[in-house]
Amino acid sequence: MKPAVRLTRTFFTRPTLTVARELLGCVLVRQREGVRLAGRIVETEAYIGEEDEACHARAGRTRRTATMYGPAGHAYVYFTYGMHWMLNVITEEEGFPAAVLLRALEPLEGISVMQDLRGRKAVAQLCSGPAKLTQALAIARPENELDFCRKDSPLWIETGSHPNRIIATPRIGISSAGEPWLSKLWRFLLQESPFASR
DNA sequence: AGCACGATTAACT
DNA sequence: GTTAATCGTGCTC
C-alpha cells in the first residue's frame, strides 16, 4: 500500500463533480486530543453555485454562506434541523460558491472513541450519514472554515485506496428544490458499501 | 419581532 | 412508513 499523502489545494480547486467523485476512497482524518479518528469516504454530494436550488448559496452571499465563496480546501460546517452539523469541503475558484458534502465514512481508526462520541457500538452505523460522521469525529461550529490544507490543521484528507465501483444518484433531502436540480445525479457512493447512508 | 423550514436521525407503529 | 426533536437562518411584516 502506498504511503498516504495529504490532499492539497490544487486537488480541491477543480470542478466540484470531479472532486466529489475523486474523494471517494480517500481518508478523512480528525486529530483530536492526540488521537487519530479516521474513515474512508464512501459517499459524497456536490452543491454547485447560486443557480443550484439545493445549494445554500442559492440565497447569495450571506453570513452563513460566506465560507462557500472562499478558497477551496476549507471546511464549511453548518447547523441544521436544530441539532445536526454537516461537513463540506469547499471547491472551485475563490468567489464561486461550491462544496462537497461528506455523507458517509467507513470507520478505520479511533473506532472506540467514535463509539463513545456517538453513544452506539455498531461500526456500520457510526458514520453512515452526514450528521453521524460529524458526531463521530467531534466536528461542529468551531471547525467551520478550518483549512484542510494547512500543516497544523486538526482536520485533513489523505489519499486512500482506489474505489472499485462508483454509482451516481440524485441528492438526498432536497425535495424543495425544483428541476433540473432535484434530478441531477450529484450524489456519489461506492456501490454496495455497507457504510453508506440509507 | 415573528415565521416557516431545513443537505437528519432515532424511535416509534 | 411516520414523526418528534430543536434552533439558526433568511425572509416578511
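Numbers restart at 1 for each chain; the letters A, B, ... are given by sequence-line order, proteins then strands.
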Check: In terms of side-chain heavy atoms of A:A59, which of C:dC11, B:dT9, B:dG6 is nearest?
Finding: C:dC11
Check: Between B:dA7, C:dG8, B:dT8, which one does the side chain of A:Y78 approach most closely?
Finding: B:dA7
Item checked: Phosphate OP1/OP2 of B:dT8: any A:T80 side-chain N/O under 4.0 Å -> no
Item checked: Counter-base of C:dT6, judged by Watson-Crick or G-U geometry with both distances under 3.5 Å -> none
Check: Where the side chain of A:R120 is defined as all heavy atoms beyond and including C-beta, which of B:dA7, B:dA10, C:dC7 is the nearest nucleotide?
Finding: B:dA10
Notebook entry, point to check: Could A:R36 and A:E158 be called an ion pair, given the rule that one side-chain N must be under 4.0 Å from one carboxylate O?
Noted result: yes
Margin query: Tell me whether the rings of A:H56 and A:Y76 are parallel (<30°), tilted (30 to 60°) or perpendicular (>60°).
Written below: perpendicular
Check: If you look at every strand shown and take non-hydrogen atoms under 4.0 Å, does A:R64 touch a base, only sugar-phosphate, or nothing?
Finding: sugar-phosphate
Checklist line | Atom pair distance, as rounded to whole Å: CD in A:E50 and P in B:dA7 | finding: 17 Å
Next item on the list: Could you check whether A:L101 gets within reach of a base, just the sugar-phosphate, or nothing at all, counting any heavy atom under 4.0 Å?
Entry: base
Check: Touch check for A:M83, heavy atoms < 4.0 angstrom, all strands: base, sugar-phosphate only, or nothing?
Finding: base
Note to self: If the cut-off is 4.0 Å, is A:R103 near the phosphate of B:dT8, judged by side-chain N/O to OP1 or OP2?
What the structure shows: yes
Notebook entry, point to check: Step by step, would you call A:V100 with A:L23 a side chain to side chain contact (heavy atoms under 4.5 Å, CB included)?
Noted result: CA-CA 9 Å; A:V100 173; A:L23 278 175; 3.9 Å; yes
Check: Which nucleotide sits closest to the side chain of A:K132: B:dG6, B:dT9, B:dA7?
Finding: B:dT9
Next item on the list: Kindly point out which of C:dG8, C:dG10, B:dA7 is positioned nearest to the side chain of A:I174?
Entry: B:dA7
Check: So does A:H56 get a side-chain nitrogen or oxygen closer than 4.0 Å to the phosphate oxygens (OP1/OP2) of C:dT9?
Finding: no
Notebook entry, point to check: Counting only side-chain N and O atoms of A:R118, is one of them less than 4.0 Å from OP1 or OP2 of B:dA10?
Noted result: yes
Notebook entry, point to check: With a non-hydrogen cut-off below 4.0 angstrom, is A:S197 in contact with a base, only sugar-phosphate, or nothing?
Noted result: nothing
Item checked: From B:dA7, B:dA10, B:dT8, nucleotide with atom closest to A:C55 side chain -> B:dA7
Checklist line | Whole-Å distance separating the CD1 atom of A:I172 from the P atom of B:dT9 | finding: 10 Å
Check: Taking any strand in view, what nucleotide pairs with B:dA7 in a Watson-Crick or G-U wobble way, both distances under 3.5 Å?
Finding: none
Note to self: Taking the ring of A:W156 and the ring of A:F148, is the distance between their centroids below 6.0 Å?
What the structure shows: no
Next item on the list: Verify the neighbour count for atom CG of A:D116: are there more than 12 heavy atoms of other residues, nucleotides or ligands below 6.0 Å?
Entry: yes
Next item on the list: Among the candidates C:dG10, B:dA7, B:dT9, find the nucleotide nearest to the side-chain atoms of A:A131.
Entry: B:dT9
Notebook entry, point to check: From C:dG10, B:dT9, C:dC7, pick the nucleotide closest to the side chain of A:T62?
Noted result: C:dG10
Checklist line | pi-stack flag for A:Y81 and C:dA5, centroid dist under 5.5 Å, interplanar under 30° | finding: no
